[in-house]
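Notes for the one structure printed next.
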Number of protein chains: 2
Amino acid sequence: MAEHECVQLVPIFSELGSEQLDIIESIVRHHHYPAGSTLFGADDPLDSLMIVAYGQVKVYQLAANGREQLLYLLQTGDIDGEAALFENQRRTSFGEALVPTDVCSIRRSDFQDLMQKYPSISIKVLNVFGKRLNQLERQTTSTATESVEARLANYITETAAALKTYTFKLSLKKKDLATFLGTTPESISRKLALFERQGLITQKPGKVIEINDADQLLLTE
Amino acid sequence: MAEHECVQLVPIFSELGSEQLDIIESIVRHHHYPAGSTLFGADDPLDSLMIVAYGQVKVYQLAANGREQLLYLLQTGDIDGEAALFENQRRTSFGEALVPTDVCSIRRSDFQDLMQKYPSISIKVLNVFGKRLNQLERQTTSTATESVEARLANYITETAAALKTYTFKLSLKKKDLATFLGTTPESISRKLALFERQGLITQKPGKVIEINDADQLLLTE
DNA sequence: CGGATGTTTGACTCGAATCAAAAACGGTGG
DNA sequence: CCACCGTTTTTGATTCGAGTCAAACATCCG
């Protein structure tokens, strides 16, 4: 059954046997969100763990001045970035589906029972958080100390590396990419045009980018 | 015995009985670091959990252009910010003692055994990481979207709130505070002078700051 | 096809970094 | 306890990256 998928998808349950997966499946709830809809908002009670079964979710915060900061882009198989699941806290970020998205959720208390019963789950979750912390540490370092040019060049090469191809489609609108990199859509536009003039990349229709000189791109300051 | 302290200090062990604390104490190693010394560097193998028994440790990263970004300031009772303890990874950050510091460490494998034996520990660690993620998310949002002025105003009010006093001593040199806030020592100096001219704060000898108008400070854009 | 949404380009402004030098501070040893 | 030296901080002058605003242009989708 299609609905079994989300539990199997998620690495945090990977060490469990299929009987245990059945148990988990029985306590999971399924939701569907159309593109553009809100999964959760700041101040919502944080009472369940979310698993993205299919789709793409942007998780962002609002600064005091109202500006948006994209923190994570959750893909199929990712779990919700909110880390305070284990305490009684409210959310501090917003989640929005970028494409039609299926989500499974497990209530906090159920998930805590699971962690008590299967300690391997907590260790897996710890690893997920660990990776996220590392990613966020690098993001912080980079927005705080590097130029827009360098950050964008970095984003392009990292995305290409993750997809193992030199030609790929930007999965975000420039506006969202801008809030991710801590800049503006205009600046991104200009810098991409600059990279193209320098012969480092080629922009093709449909937000597709081809990297011509990855080495030089990485040297961008 | 004084050396028992570090295990008792740490909230992650708070639910354990004293017999269990004894066991943990027996597998812990003690280290001392003079002010200015390095606890660990990038590329060091990450093979143990560190607990700050006494002192202050700055944890920072280097950006590609060589600039420093302060990520955390570990105080007495904090555990090491490196999140990838549970996988076989290398460090990506540096740790430096700002004052003479005592540290206890537990080897990775020992700590993993502890987590298997006492699941409450993993949940506590999860909470610590969760808080750190939240803090880092706010830091990222703030450096990426707010002005130096707003970030500094925020830092001052938050520090005061944490210490529950309007008069406090800056625990960092301006150079370190600058890398934390993603700016330069010169800018901090100027902005503090500005706040003082505006009557929001008073600067006193010994890096002491007194807040005169917390409300107005928070409104700084 | 047409309107809305997203993107590019241009002109302008401004915050904050940089560089340089003076001033203040703080720890050390005599 | 004070004088001294290195470090930290402040102040000033200047530069520059990148944000803002506005308008033209492209693209997407119903």
Side-chain angles (χ1 to χ4, degrees), chain A residues 34-36 58 63 65-70 96 98-100 142-155 169-198 201-209 220-221, chain B residues 34-36 58 63 65-70 96 98-100 142-155 169-198 201-209 220-221:
Chain A
K58 78 167 181 184
N65 54 23
R67 289 182 38 169
E68 202 175 302
Q69 169 69 40
L70 202 162
E96 183 189 319
L98 292 179
V99 297
S142 145
T143 44
T145 64
E146 288 171 348
S147 68
V148 169
E149 208 169 316
R151 277 176 268 157
L152 179 58
N154 221 24
Y155 175 82
K169 184 175 180 298
L170 293 174
S171 64
L172 290 169
K173 290 177 213 158
K174 293 234 163 74
K175 175 179 144 283
D176 288 327
L177 183 53
T179 75
F180 183 64
L181 296 178
T183 178
T184 60
E186 293 96 322
S187 290
I188 293 194
S189 213
R190 288 184 228 275
K191 293 302 180 187
L192 284 179
L194 173 66
F195 290 159
E196 186 154 35
R197 259 181 277 129
Q198 294 174 332
I201 64 165
T202 310
Q203 296 190 67
K204 301 184 172 182
K207 275 193 254 193
V208 171
I209 288 188
T220 302
E221 286 246 345
Chain B
K58 79 168 179 181
N65 54 24
R67 289 179 41 164
E68 200 175 303
Q69 169 69 42
L70 203 162
E96 182 188 319
L98 292 179
V99 297
S142 147
T143 44
T145 65
E146 289 170 348
S147 68
V148 168
E149 207 169 319
R151 277 176 269 156
L152 179 59
N154 222 24
Y155 175 84
K169 183 175 180 302
L170 291 175
S171 62
L172 290 171
K173 289 179 213 156
K174 294 232 162 74
K175 173 179 145 285
D176 289 327
L177 184 53
T179 78
F180 183 65
L181 297 177
T183 179
T184 60
E186 291 97 322
S187 290
I188 293 193
S189 210
R190 288 183 227 277
K191 293 303 180 186
L192 283 179
L194 173 67
F195 291 158
E196 186 155 34
R197 260 179 278 129
Q198 294 173 333
I201 65 164
T202 309
Q203 298 190 66
K204 301 185 172 181
K207 278 194 254 193
V208 171
I209 288 190
T220 303
E221 288 247 344

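Letters A, B, ... mirror the listed sequences (proteins, then strands); counts begin at 1.
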* To do: List in chain and number order the residues that pass salt bridge (Lys or Arg N to Asp or Glu O under 4.0 Å) with B/Lys204, two or more places apart in sequence or in another chain; answer none if no residue qualifies.
  =>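 Counting only residues at least two positions away or on another chain, B/Lys204 forms a salt bridge (Lys or Arg N to Asp or Glu O under 4.0 Å) with B/Glu210.
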Would you give the length of the straight line joining atom [atom1] of [X] to atom [atom2] of [Y], rounded to the nearest 0.5 angstrom?
X: A/Thr220; Y: A/Leu194; atom1: OG1; atom2: CG; value: 8.5 Å
X: A/Leu192; Y: A/Lys207; atom1: CG; atom2: NZ; value: 12.0 Å
X: A/Leu152; Y: A/Leu177; atom1: CG; atom2: CG; value: 6.5 Å

* Please identify each residue that fulfils side-chain hydrogen bond (donor to acceptor under 3.5 Å, both in side chains) with B/Thr202, with sequence neighbours left out. =>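 With neighbours one apart ignored, the set is B/Asn212.
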* To do: Apply the test side chain to side chain contact (heavy atoms under 4.5 Å, CB included) to residues A/Ile209 and A/Phe195: give CA-CA distance (whole Å), side-chain angles for both, the deciding distance (0.1 Å), then the verdict.
  => CA-CA 11 Å; A/Ile209 288 188; A/Phe195 290 159; over 6 Å; no
* To do: Could you pick out which residue, B/Ser189 or A/Gly206, lies toward the 5' side of DNA chain D when each is mapped onto its nearest nucleotide?
  =>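 Final value for this comparison: B/Ser189.
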* Asked: Between A/Pro205 and A/Lys191, which has a closest nucleotide on DNA chain D that is more 5'?
  ->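 The answer here is A/Lys191.
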[atom1] of [X] versus [atom2] of [N]: gap in Å, rounded?
X: A/Ile188; N: C/dT8; atom1: CD1; atom2: P; result: 10 Å
X: A/Leu192; N: C/dG6; atom1: CG; atom2: P; result: 17 Å
X: B/Glu146; N: C/dA16; atom1: CD; atom2: P; result: 11 Å
X: B/Leu152; N: C/dA16; atom1: CG; atom2: C1'; result: 13 Å
X: B/Glu221; N: C/dC14; atom1: CD; atom2: P; result: 16 Å
X: A/Leu98; N: C/dG6; atom1: CG; atom2: P; result: 11 Å
X: B/Lys173; N: C/dG26; atom1: NZ; atom2: C1'; result: 12 Å
X: A/Lys207; N: C/dT5; atom1: NZ; atom2: C1'; result: 11 Å

side-chain contact (heavy atoms from CB on, under 4.5 Å) partners of [X], counting only residues at least two apart:
X: B/Ala63; result: A/Thr141, A/Thr145, A/Glu146, B/Asn65
X: A/Thr184; result: A/Glu186, A/Ser187
X: B/Ala144; result: A/Gln69

* Asked: Would A/Tyr155 and A/Ile188 satisfy side chain to side chain contact (heavy atoms under 4.5 Å, CB included), going step by step from the backbone distance to the final call?
  -> CA-CA 11 Å; A/Tyr155 175 82; A/Ile188 293 194; over 6 Å; no
* **Positional range of nucleotides in DNA chain D within the contact set of chain B, heavy-atom, under 4.0 Å** =>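 First and last nucleotides in contact are D/dT8 to D/dA13.
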I'd like a list of close polar pairs between nucleotides 17-23 of chain C and the protein, N/O only, cut-off under 3.5 Å.
unit_1: C/dA17; atom_1: OP1; unit_2: B/Thr183; atom_2: OG1; d: 3.3
unit_1: C/dA17; atom_1: OP2; unit_2: B/Thr183; atom_2: OG1; d: 2.9
unit_1: C/dA17; atom_1: OP2; unit_2: B/Thr184; atom_2: OG1; d: 3.3
unit_1: C/dA17; atom_1: OP2; unit_2: B/Ser187; atom_2: OG; d: 2.5
unit_1: C/dT18; atom_1: OP1; unit_2: B/Arg67; atom_2: NH1; d: 3.1
unit_1: C/dT18; atom_1: O4; unit_2: B/Arg190; atom_2: NH2; d: 3.0
unit_1: C/dC19; atom_1: N4; unit_2: B/Glu186; atom_2: OE2; d: 3.3

* Asked: When all nucleic acid strands are considered with a 4.0 Å heavy-atom cut-off, which category describes B/Gln203: base, sugar-phosphate, or nothing?
  ->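 Sugar-phosphate, no base atom in range.
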* **Global bending angle along the helix from C/dC1-D/dG30 to C/dG30-D/dC1, which compares the axes of five pairs at either end, to 10 degrees** =>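 The helix from C/dC1-D/dG30 to C/dG30-D/dC1 shows an end-to-end axis angle of 60°.
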* Name all pairs fulfilling the side chain to side chain donor-acceptor pair (under 3.5 Å) condition that reach into residues 169-180 of chain B, sequence neighbours left out, sorted by first residue then second. =>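 Residue pairs passing side chain to side chain donor-acceptor pair (under 3.5 Å), neighbours aside: B/Lys58-B/Asp176.
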* Asked: So which pairs with a foot in residues 189-198 of chain B pass salt bridge (charged side-chain N to carboxylate O under 4.0 Å, His left out), sequence neighbours left out?
  ->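 Residue pairs with at least one partner in residues 189-198 of chain B: B/Glu149-B/Lys191.
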* Asked: Does A/Lys174 put a side-chain nitrogen or oxygen below 4.0 Å from OP1 or OP2 of C/dT8?
  ->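 Yes, within the criterion.
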